[in-house]
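Step one of this worksheet: look at the structure below.
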Amino acid sequence: LLNRLGDSYIFIMAENKVDMTQVEALHVALQQSFSPDASVRDPAEASIKQLKFVAGATQMLLHITEEKQVQYEVRQAAAIQLKNICRECWVERMSYLGIPLPDYSHSTNPDGTPVKPALLSEDDKVAVRAKLIECLLGEPDKSIRDLMAETVHCIAIHDFPEQWPDLLPVLLQAIGLNADPSQALRVHNALLAMRKVCKRYEYKSREQRGPLNQIVVQSFPLLLPLAQRLSGPGEHSLEAAMMLKQILKIFWSSTQFYLPSGNNADGTASSVPSPALANPSALEPWFEVLKAVLTKSLPEASTGLEPTGQPTTKEERNAWPWWKVKKWAAQIMTRLFSRYGIPNYAEDEVKEFAKYFSQNIAPSFLGPVCETLNLRPSGQFCTDRVVHLCLNFVDLAVELAPTYKLLKPHMDFLLYKVCFPAMCLTEEDIEEFENDPHEFVHKQNSPLADFYDPRMSAITLVTSAVKYRGQDTMQPLLGFLTEILGRYNSTEEAGKNHIEKDCALLMFGSLSEILISKKKYATELEGLMVSSVFPDFNSPVGFLRCRACWMVQRFSEIPWSDDGTHLRNLIQLVLQRLSDPALPVQIEASKALRFLIEVEGADVTLLPVLPQILNEYFRIMNEIGNDEVVAALQVIIDTFGEHIEPHAIALVTQLSSAFKNYVDAGEDDD
């Protein structure tokens, strides 16, 4: 029944049976929640918020979600509400102290007591579990099936396997139909649901992984032949790529922390080593799948070759299923190498497997990895994420003797044809530097860059090559970089390659610790700074001025051989850049000054202009929030504390304002 009271809707379910009249009423409310008319939209939204207190609401939402003839936005809204209700109301939420948590909305009753959280009845749970998987298996729309898959995950957290014992058999039955092309959608969606269930155990301790081990035992014999077929030379469809991606994600969730083991009679994880540890070659068919994926050719759409239809824009390529599959293959390879590739770092129980992996598997991955890294140098496309992961793999391989032996003949290619171009600024970077400096600063200082940016993984690889294999790489690399700087200095202004010079300085700066620690190189650094860095403080090229300030941070500790003139000149150059027209330069200059302050003799130059320095820092802090700028200001205060007193009021005022800005920004983000 639907009662309409004033501007509110109230849904009433009887005996958990879906009444189409009530479903239609809910459909209307969901539809009206999109109305531009607030007098229509607000009551509808208010009634939808109360759905979690209505018996049978989840069944009505599921009915609307699965009905393909319903307006898409309404189906999507129903799927969102279903997911949210199952997440919030499946079990009573408890704190770590065992105290019941209040309702998500933190609403209160008229007497001021907290509203008791809504909980789904057992009848509702049974009905949802019985119907959800079948709805998901037949859903073609990505957004809606992802929402339903997330609902499966929310329920599996609490109910699998005890209250949902038929979940895995149903999924395996659907996957088992993979030989029938007409079942491709159901197979993919079953794999999607299985991945969500596996993800529930991804970060669990070994003792809590019993259900995951059971999934592996029952599903891997079915998944491996399917993965082998989908990664074969004759499979090019997007459906194949999407299914293969889900299989690799299942493999990732099952193996990234522990290799699956068996279970005890009570279903808990067994302490007996996994079959893979007892017989390391058991995983080799999976490794062959990974190599086949990584070496699969993905030609441009203009060639007409399979797989056809590769997009042309970077964003669309990144989302293209075949590139996603390569990303997961590279991610699994790199993760396995990091855990098992270097036996000395492996835990005792996996040392034997690690020895096998390092001697047999890791070297066999190098071919596909290097072949992938050769795509860009040969003029072909490769996503940033895949390049990043492959560079991480090579970084690990440089340290390991069996893999470095194979890499050694190719180090010039890796350093000069792969790493150097990956470290160079792109046209997009320069465009951002000039037209969106705030975003440029954000990206350059993002702590997440280590996890996705090829530039960062290239820097790490170059550093590792010099650190672990310096005898082979140091001299040729320094010669390569010195040649670039010499060529830049001797070239007429119109012909100078500014991007190449910036990258050469980035490489030099990335090796600063190693160069400073070795006397034969440390004595040459003063000349490098004076001839190739000092002039760039006044360069018309903004990103070179920025790089010059960054270089100061890397080489502030070098010994100066003159009477102090170079240090005084350097401080003056950095001070001038505090008021540079380009914001990224101001940021790097403010960070650089922090390092110069601690150099002996710097106070003579800095103290007379301390008020102006503080004003510049205050201005920069007002312009953009940056932790390193604040840290630099703290060093100034600590160093010149007794001289700060006249400026204390302005300082406290500025810091208070900055704190308020951060708080307000945090509220806006929420």
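Within the structure, salt bridge (charged side-chain N to carboxylate O under 4.0 Å, His left out) contacts touching residues 227-236 (residues at least two apart or in different chains) are Arg229-Glu235. Among residue pairs with one or both ends in residues 318-335, none qualify as salt bridge (charged side-chain N to carboxylate O under 4.0 Å, His left out); sequence neighbours excluded. Within the structure, side chain to side chain donor-acceptor pair (under 3.5 Å) pairs that include any residue of residues 360-374 comprise Lys291-Ser364 (at least two apart or interchain).
No side-chain heavy atom of Val325 sits less than 4.5 Å from a side-chain heavy atom of Leu230. In this structure the side chain of His410 never reaches within 4.5 angstrom of the side chain of Leu373, judged on heavy atoms. In this structure the side chain of Gln228 reaches within 4.5 angstrom of the side chain of Pro285, judged on heavy atoms. You'll find the side chain of Met148 stays beyond 4.5 Å of the side chain of Lys196, heavy atoms only. Using a 4.5 Å heavy-atom threshold, the side chains of Leu396 and Thr403 count as separate. Between Tyr356 and Ser281 there is a side-chain heavy-atom pair separated by less than 4.5 Å. At a threshold of 4.5 Å between non-hydrogen side-chain atoms, the residues Ser231 and Leu244 count as touching. With contacts defined as side-chain heavy-atom distances shorter than 4.5 Å, the pair His63/Lys131 qualifies.
Thr313 and Glu316 are linked by a side-chain donor-acceptor pair at a separation below 3.5 angstrom, with hydrogens and angles left out of the test. Counted by atom type alone, Ser205 and Gln208 present one or more donor-acceptor pairs between their side chains at under 3.5 Å. There is a side-chain donor-acceptor pair under 3.5 Å between Thr426 and Glu428. For Glu150 and His153, the side-chain atoms include at least one donor-acceptor pair closer than 3.5 Å. Side-chain N/O atoms of Asp123 and Ser121 include no donor and acceptor closer than 3.5 Å.
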Run the numbers on Leu224 and Val289 for side chain to side chain contact (heavy atoms under 4.5 Å, CB included), then give the verdict.
-> CA-CA 9 Å; Leu224 177 58; Val289 169; 4.3 Å; yes
Output, in order, the C-alpha distance, side-chain angles, deciding distance and verdict of side chain to side chain contact (heavy atoms under 4.5 Å, CB included) for Leu51 and Ile48.
-> CA-CA 5 Å; Leu51 279 174; Ile48 291 170; 4.0 Å; yes
Intermediate values then yes/no, side chain to side chain contact (heavy atoms under 4.5 Å, CB included), Leu375 and Val386 | CA-CA 11 Å; Leu375 289 174; Val386 171; over 6 Å; no
Stepwise, does the side chain to side chain contact (heavy atoms under 4.5 Å, CB included) test hold for Glu202 with Trp252?
-> CA-CA 8 Å; Glu202 191 169 320; Trp252 166 265; 3.4 Å; yes
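Between Ile250 atom CD1 and Cys198 atom SG the span is 5.5 Å, to the nearest 0.5 Å. Interatomic distance, CG of Leu407 versus CG of Leu366, reported as 5.0 Å (0.5 Å rounding). Distance CG/Leu415 to CG/Leu461: 6.5 Å, rounded to 0.5 Å.
For the pair Ser464 (side chain) and Asp395 (backbone), a donor-acceptor distance under 3.5 Å is absent. No donor-acceptor distance shorter than 3.5 angstrom exists from the side chain of Arg339 to the backbone of Tyr258, with no hydrogens or angles considered. Remark: side-chain polar atoms of Ser446 are not paired, donor with acceptor, to backbone N or O of Lys443 under 3.5 angstrom. Of the possible polar contacts, none joining the Thr308 side chain to the Leu305 backbone as a donor-acceptor pair under 3.5 Å is found. Checking side-chain atoms of Gln246 against main-chain N and O of Arg195 turns up no donor-acceptor pair under 3.5 Å.
Closest heavy-atom contact between Phe413 and Pro377: CE1-CG, 4.1 Å. The two residues Gly341 and Leu400 make their nearest non-hydrogen contact at O-CD2, 3.1 Å. Considering all non-hydrogen atoms of both residues, His27 and Ile64 come closest at N-CD1, 3.8 Å. Annotation for Leu212 and Ser253: closest pair CD2-O, 3.9 Å, computed over non-hydrogen atoms. Counting all heavy atoms, side chain and backbone alike, Leu223 lies closest to Ile247 at O-CD1, 4.1 Å. In plain terms, the two heavy atoms of Ala362 and Phe393 that are nearest each other are O-CZ, 3.8 Å.
Within a 6.0 Å sphere centred on NZ of Lys408, heavy atoms belonging to other residues, nucleotides or ligands number 12 at most. Within 6.0 Å of NZ in Lys417 there are 12 or fewer heavy atoms belonging to other residues, nucleotides or ligands. Within 6.0 Å of the NZ atom in Lys351, the count of heavy atoms belonging to other residues, nucleotides or ligands exceeds 12. Atom CZ of Phe34 has more than 12 neighbouring heavy atoms from other residues, nucleotides or ligands inside a 6.0 Å radius.
For Tyr201, there are no ring pair (Phe, Tyr, Trp, His ring centres under 6.0 Å) partners, not counting sequence neighbours. Legend: residues meeting side-chain contact (heavy atoms from CB on, under 4.5 Å) with His236, ordered by chain and number and at least two apart, are Lys296, Glu306, Pro307. Under the side-chain hydrogen bond (donor to acceptor under 3.5 Å, both in side chains) criterion, Gln183 pairs with no residue, sequence neighbours left out. For the ring pair (Phe, Tyr, Trp, His ring centres under 6.0 Å) test, residues two or more places apart in sequence or in another chain that qualify with Phe381 are Trp323. Residues satisfying the ring pair (Phe, Tyr, Trp, His ring centres under 6.0 Å) test with Phe257, not counting sequence neighbours, are Tyr203. With sequence neighbours left out, the side-chain hydrogen bond (donor to acceptor under 3.5 Å, both in side chains) criterion links His388 to Asn392, Ser457.
In this structure, Trp286 and Phe220 have tilted ring planes: the angle between them lies in the 30° to 60° band.
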Using residues 169-177 as the side-chain source, report each donor-acceptor pair under 3.5 Å to any protein atom, sequence neighbours left out, with the distance given to one decimal.
none

Enumerate donor-acceptor pairs with a distance under 3.5 Å from any side-chain N or O in residues 159-168 to protein atoms, sequence neighbours excluded.
| from | atom 1 | to | atom 2 | distance (Å) |
| --- | --- | --- | --- | --- |
| Asp159 | OD1 | Trp90 | NE1 | 3.1 |
| Asp159 | OD2 | Trp90 | NE1 | 2.9 |
| Asp159 | OD2 | Arg129 | NH1 | 2.4 |

Could you pull out all donor-acceptor pairs under 3.5 Å where a side-chain atom in residues 135-144 meets a protein atom, sequence neighbours excluded?
| from | atom 1 | to | atom 2 | distance (Å) |
| --- | --- | --- | --- | --- |
| Glu139 | OE1 | Arg75 | NH2 | 2.3 |
| Glu139 | OE2 | Arg75 | NH2 | 3.3 |
| Glu139 | OE2 | Asp141 | N | 2.9 |
| Asp141 | OD2 | Tyr72 | OH | 3.2 |
| Asp141 | OD2 | Ser143 | N | 3.1 |
| Asp141 | OD2 | Ile144 | N | 2.9 |
| Lys142 | NZ | Asp146 | OD2 | 2.8 |
| Ser143 | OG | Gln76 | NE2 | 2.7 |

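A salt bridge links Lys355 and Glu352; the closest N-O separation between the charged side-chain nitrogens and carboxylate oxygens is under 4.0 Å. The pair Lys314-Asp384 counts as a salt bridge, with a side-chain nitrogen and a carboxylate oxygen less than 4.0 angstrom apart.
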